[in-house]
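Heads up, the thing below is written out as C-alpha cells.
Each residue takes its place number in the sequence, starting with 1. Everything quoted here is computed from the prediction, not taken from an experiment. Indexing begins at 1, ligand by ligand and atom by atom, following the structure's order. Just so it is clear, the values below take in all heavy atoms, side chains as well, and ignore hydrogens, waters and symmetry mates.
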Amino acid sequence: MNKAIIEFLNYTNDYLKCGGRIDLKIKHTFRVMRLCEEIASSLNLSEEEVYIAKTIGLLHDIGRFEQWKKYETFSDKDSIDHADLGVKILKKNNYLRKYIEDEKYDDIILKSVKYHNKYKLPKDLNDKELLFVNIIRDADKIDILRLYTLKGIDLELDKNPFSDEVYNLLLNKKEISRKSITNKTDRLSISLGFIFDINYLYSFKYLKDKKYFDIIVDMYKKKSKNKEFGKQLDEIIKVINNYIEVSLC
Ligand SMILES: [Fe+2]
C-alpha cells in the first residue's frame, strides 16, 4: 500500500499549487480509504480484497484534482463528472498500474471509481463488483456526512422549508436526486437522504455511534427560523433514526 500512497501523494502534490481546497480533498481521500478498510474488514473479506477496497478508497476521487485545475470548481453540475474523469485518468497510459501491479481487479477498481458518486447503479454489475462499489459508496457518504457536521461548511438555506416533493421522499425513506431540488433548503435533503442508500451493517453502526444525522438536524434547526422547516426536520430525524434501528436488527 505504501507504494500506492506515495504515488497518490506525488500525483496530488502537483495540484496543491492550483489553489482551492485541494488539501481537503486529499484528507477526505485518506479518511475514505480508512473507512473502506474498516467496512471491508467487517465483512470478513480476504486480506487481498481488503487491500483492493483500500485502493479504491485511495483512487475514488482521483478526478477531483484535474477537475479543479481545469474548471476551478468541485461542482460536477458546473463542470464534469469527477468520477468519470477519474476513470479516464486511471486508464490513460495504464496509470492504474502505478497503484496495483495485478491486473485482475482492474474492472472492479474502475467500476467502483466510476459509480462511487452515481445516483443509480447500472443493473449489469456482478456480485463482486457490487460488493466493492457499495463499500466505496458507504465510505464516501459517511465522510461527506461527517463534513456536514462541521461548522463553517454548512449549507446556506433560503426562507423556504423543504419542498413537498423532497419532504415526502424523505418520509418515504427514499434517497434524493439532484433533479428533485427546487430551492436552496432542498439541497440539505441530499445528505439526509444518504441514509437510505447505505448498504452495510458497519456503516449503520458507525452512523448511529457518531450521531451525524442528529448533529446535522440540530444544526439546521438552530440556523433556520422557519417553523415549518423545524417541524419537517423533527419528523425526518425520527424516520432516519428509526430506519437505522431497523437496519441494525
Ligand atoms: Fe467523489
Side-chain angles (χ1 to χ4, degrees), residues 4-5 7-9 11-12 15-16 18 20-40 52-92 95-96 99 108-122 125 129-150 153 155 175-179 181 187-200 203 206-207 212 216:
I5 290 172
E7 178 56 39
F8 178 80
L9 290 173
Y11 176 84
T12 52
Y15 292 90
L16 283 169
C18 297
R21 296 311 307 269
I22 292 288
D23 56 325
L24 294 184
K25 291 292 173 200
I26 295 172
K27 286 177 187 158
H28 163 74
T29 291
F30 285 112
R31 285 191 303 266
V32 169
M33 185 176 86
R34 165 70 73 85
L35 284 163
C36 285
E37 181 180 21
E38 290 170 8
I39 297 168
I52 298 306
K54 280 174 78 176
T55 306
I56 291 166
L58 182 69
L59 295 176
H60 81 287
D61 263 354
I62 197 82
R64 280 293 191 201
F65 310 100
E66 201 55 31
Q67 179 187 37
W68 179 268
K69 192 178 171 188
K70 271 193 188 152
Y71 303 97
E72 294 206 342
T73 179
F74 290 126
S75 162
D76 289 8
K77 187 167 67 73
D78 299 329
S79 60
I80 192 168
D81 184 313
H82 71 279
D84 294 349
L85 180 59
V87 170
K88 213 168 141 188
I89 290 165
L90 292 169
K91 280 184 173 173
K92 193 175 174 189
Y95 180 53
L96 179 54
Y99 291 89
I108 287 176
I109 295 171
L110 293 171
K111 284 184 184 175
S112 297
V113 171
K114 183 175 175 68
Y115 294 115
H116 86 267
N117 69 336
K118 302 292 185 285
Y119 177 65
K120 283 271 174 265
L121 293 178
L125 295 177
E129 289 164 350
L130 207 52
L131 170 79
F132 287 95
V133 168
N134 283 336
I135 290 175
I136 184 63
R137 287 170 70 87
D138 274 20
D140 195 30
K141 285 189 178 73
I142 289 172
D143 197 57
I144 294 170
L145 287 164
R146 189 194 73 88
L147 290 169
Y148 271 105
T149 65
L150 303 177
I153 62 150
L155 292 168
E175 52 193 305
I176 308 292
S177 138
R178 296 211 169 267
K179 285 180 199 144
I181 304 303
R187 292 181 306 164
L188 176 64
S189 67
I190 293 183
S191 52
L192 296 178
F194 276 178
I195 192 64
F196 307 120
D197 192 34
I198 288 291
N199 302 286
Y200 297 117
S203 314
Y206 191 100
L207 290 166
Y212 286 160
I216 294 168

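The atom of His82 that is an N, O or S and sits closest to the Fe ion (ligand 1) is NE2. Taking the Fe ion (ligand 1) as reference, Asp61 places its N/O/S atom OD1 nearest.
Residue His60: no N/O/S atom is found under 2.8 Å from the Fe ion (ligand 1).
Of all non-hydrogen atoms in Phe74 and Ile22, the two that sit nearest each other are CZ-CD1, 4.3 Å.
Salt bridge status for Lys120 with Asp197: absent, with no side-chain N to carboxylate O gap under 4.0 Å. Between Arg146 and Asp143 a salt bridge is recorded (basic side-chain N to carboxylate O distance below 4.0 Å).
A donor-acceptor pair under 3.5 Å is formed between the side chain of Trp68 and the backbone N or O of Cys18.
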